[in-house]
Amino acid sequence: MDGGLAIFGFGLFLLSIANLYARTAYWLAWPLLAISVLAMGMAFSESKRLRDVSLGASAALGVLFIAALATGTVWWLTLAVFLFAVAFGLLWAEFRFEYFGHVTRQELPHRHARRGPVHWPWQRRRVH
């Protein structure tokens with residue numbers, strides 16, 4: 001996961017620099033630059049929130065993609081933002097679901113068996 005965050009962050013950094021040089025959409029270049037620096041910085045940290053960073057970056061890039069699509073930004077920039085949003089989302093999903101083969105069922109976070117308040121009739125203990 002660390003390597004993926006670093007690589008995607010560096011790619012996003014290059015995309016934001018290319019956007020600043022192309023002078024197409026300054027409003028999009030600065031958030032991309034901030035997200036890329038955050039991703040590269042978190043990749044080399046010992047934080048336990050790495051999964052949250054990749055999910056947050058994916059969500060932020062998704063919002064930026066929709067804004068770029070709505071404002072008619074250059075096609076290559078809009079496409080690249082979408083692809084990076086998908087990449088960060090896949091990076092989050094790889095270590096969240098066992099489908100990808102990186103984690104086993106035992107390594108997944110434990111989910112509580114009970115849902116809802118304890119006072120629901122089907123969740124009460126029957127004492128005889």
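In this text the structure is predicted, and so the values were computed from the model without any measurement.
- Atom CD1 in Ile17 sits 10.5 Å away from atom CG in Leu32 (nearest 0.5 Å).
- A distance of 12.5 Å separates OG of Ser16 from OH of Tyr26, quoted to the nearest 0.5 Å.
- Follow the hydrophobic side-chain contacts under 4.5 Å out from Leu69 and you reach Ile35 in the same cluster.
- Remark: Leu61 CG to Phe82 CZ distance equals 11.5 Å, nearest 0.5 Å.
- At a threshold of 4.5 Å between side-chain heavy atoms, the hydrophobic network of Ile, Leu, Val, Met, Phe, Trp and Tyr places Val37 and Ile7 in two separate groups.
- Between the Ser58 side chain and the Ala85 main chain, a donor and an acceptor come within less than 3.5 Å of each other.
- Test Val86, Val81, Leu28 against Phe65 for side-chain contact (heavy atoms from CB on, under 4.5 Å) and you get one pass: Val81.
- To the nearest 0.5 angstrom, Leu15 atom CG is 10.0 Å from Leu83 atom CG.
- Contact record, Gly9 with Phe88: N-CZ, 4.1 Å, taken as the closest heavy-atom pair.
- Distance check: Leu79 CG to Phe84 CZ gives 10.5 Å after rounding to the nearest 0.5 Å.
- You'll find the side chain of Leu20 reaches within 4.5 Å of the side chain of Trp30, heavy atoms only.
- In this structure the side chain of Thr73 reaches within 4.5 angstrom of the side chain of Trp27, judged on heavy atoms.
- A donor-acceptor contact shorter than 3.5 Å links the side chain of Asn19 to the backbone of Ala25.
- Summarising the geometry, atom CG belonging to Leu77 is positioned 9.5 Å from atom CG belonging to Leu64; distances are rounded to the nearest 0.5 Å.
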